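So you know, we letter chains A, B, ... as the sequences are listed, proteins then strands, and number each from 1. Note that the structure is predicted; figures quoted are calculated from it, not measured.
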There are 2 protein chains.
Amino acid sequence: MEEFHSGRCENCIVRQLNALKTLSKEELVRISDSKVTKSIKKGDAIFEEGEKLNGVFCVRNGVSKLSKMSDNGKDQIVKIATKGEVLGQRSVITEDKTNLSAVALNDMEVCYIPKTHLTDSINNNVQFTKAMLLQMANDLKFADDLIVNMAQKSVKQRIAETIRYLEKNFGVDQEGYIAMTLTREDIANIVGTAKEACIRTITNFKKEKWISTHGKRIKIEDDKALYRLVEGF
Amino acid sequence: MEEFHSGRCENCIVRQLNALKTLSKEELVRISDSKVTKSIKKGDAIFEEGEKLNGVFCVRNGVSKLSKMSDNGKDQIVKIATKGEVLGQRSVITEDKTNLSAVALNDMEVCYIPKTHLTDSINNNVQFTKAMLLQMANDLKFADDLIVNMAQKSVKQRIAETIRYLEKNFGVDQEGYIAMTLTREDIANIVGTAKEACIRTITNFKKEKWISTHGKRIKIEDDKALYRLVEGF
DNA sequence: CGAGCTCTTGACGGAGATCAACTTCTGTGG
DNA sequence: CCACAGAAGTTGATCTCCGTCAAGAGCTCG
């Protein structure tokens, strides 16, 4: 994990996407002086489950999976975090160890901001605290929905939903393939199923002409059909 | 749903359990003047999925299930809320409609606090906002753990976990039965399985002498065994 | 006391986990 | 640029768990 100082938070566009946008010029300068930008290579961890975090990571570039190891030895992906999202907020707030680990899905650039430089703002800048609260409320809503899906929907439905989510979130390349390629195993880990079941389902979708694939890349051909499946028709 | 004014927030013990404890005397007086205490009978809803909430509900007494209807027509319980918890916080913050409905599991007493009387405190009292943030962070952690359990554990494991959770959370009566009785169907809805599967598993636990039952009441006889099951031995 | 819940048990079928073998891709060093 | 090792993808066979339908027994409350 290569470390270096570069750029100023004041000028960073990414800031617009998260709670940091509510900070004053002075607060930003202070944070910018103490932050460290890190390069993280695909597959490397930003932090691991059980670590004590003394700061947060603001994603400047790249995509990361937040996952938790289950007792049965399988990794469950709980969230995909992209540009502008701040990782580790929760454990900084609760002062617990993280319950999740964050691993880069492709090469990333993240800014590490030490906790000490945030607590001041949390304690004095209500706008900032409020923005974090809003963020967390949205995360919670998302999580609740996920719980219901996990509990009630079939693997087929969840895979369809995941593929649609990926397309909506990351868009498609020139050829129409989803601009984010995950391994089949990662998809299985999002859906909470075995790799083989995931592969079989995807092959089925191909047979039905709902999607087509090229290597691990996926293109949606019949979004309506996937949608109908998800909604349970 | 019977409504009446009674008691003052300033004197309410329940307040110690949630973010309201950070409010000043003046803020409490203001809120107390505008709050409405409601009696809710077992089985009645405090609010329903999709409603727009213009305030929060502070639970003074009784227990409520927070659940969401899945597309397949099954109810998924996401959280059990008891004395001191505040319902509807999230949707007040995000200004969305609720994604959950809250139904009383036994007779309840809740205080309705209009949103307008909270926003002032959220905007000006950082301690209050911070307390809500902390609360929400903990809820989120809990939700993440739940996602992993739903995705990775067997129905048997989840039922064992739920029974242990109920005992830890509600304690036992004089005879050793868990002080909170849910219908088998409610347990099934927590676990995300069919009522019959739930019943069969519970009958199994009885055969194994891990629990005993009396009507719908459950007593844990061998907590170690349940624990081992949950952890996957 | 009986209507309507809730609980219980049985039978059956299908979704998905697991194990195993084989192929294709990818990237790293010679 | 090629070779080769280790990932990742694919497919088949088998077995188990759990969802669903059905039918009867036991509670509980008006």
To the nearest Å, give me how far apart [atom1] ([X]) and [atom2] ([N]) are.
X	N	atom1	atom2	answer
B/Gln157	D/dC18	CD	P	9 Å
A/Arg158	C/dA17	CZ	C1'	13 Å
A/Ile199	D/dT11	CD1	C1'	9 Å
B/Leu229	D/dC17	CG	C1'	14 Å
A/His214	D/dT10	NE2	C1'	17 Å

Where the side chain of [X] meets the backbone of [Y], is there a donor-acceptor pair that is under 3.5 Å apart?
X	Y	value
A/Lys209	A/Glu221	no
A/Gln76	B/Ala151	no
B/Glu85	B/Thr82	yes
A/Asn72	B/Gln152	yes
A/Asn106	A/Val63	yes
A/Asp107	A/Lys41	no

Notebook entry, point to check: Are OP1 or OP2 of C/dT9 and a side-chain N or O of B/Thr203 less than 4.0 angstrom apart?
Noted result: yes
Check: For C/dT18, does OP1 or OP2 lie under 4.0 Å from any side-chain N or O of A/Lys74?
Finding: yes
Next item on the list: Determine the contact category for A/Lys42: base if any of its heavy atoms lies under 4.0 Å from a base atom, sugar-phosphate if only primed atoms, P, OP1 or OP2 are that close, otherwise nothing.
Entry: nothing
Item checked: For DNA chain D, the residues among residues 62-73 of chain A that have a non-hydrogen atom under 4.0 Å from it -> none
Note to self: Quick check on contacts: within residues 182-197 of chain A, what sits under 4.0 Å from DNA chain D by heavy-atom distance?
What the structure shows: A/Thr183, A/Arg184, A/Glu185, A/Glu196
Item checked: Check: B/Arg217 side chain, C/dT6 base, donor-acceptor under 3.5 Å -> no
Item checked: For B/Cys111 against B/Thr37, the heavy-atom pair lying closest together -> SG-OG1, 3.6 Å
Side chains of residues 185-202 of chain B: which donor-acceptor partners sit under 3.5 Å, not counting sequence neighbours?
from: B/Asp186; atom 1: OD1; to: B/Lys65; atom 2: NZ; distance (Å): 3.0
from: B/Thr201; atom 1: OG1; to: B/Ala197; atom 2: O; distance (Å): 2.6

Check: Which nucleotide in the list D/dT10, C/dG16, D/dT11 gets nearest to the side chain of A/Ser154?
Finding: C/dG16
Notebook entry, point to check: Of all the choices, D/dT20, C/dC7, D/dA13, which nucleotide is nearest to the side chain of B/Arg200 once you look at every atom?
Noted result: D/dT20
Margin query: Can you see whether B/Lys206 engages B/Thr213 through a side-chain donor-acceptor pair at a distance of less than 3.5 angstrom?
Written below: yes
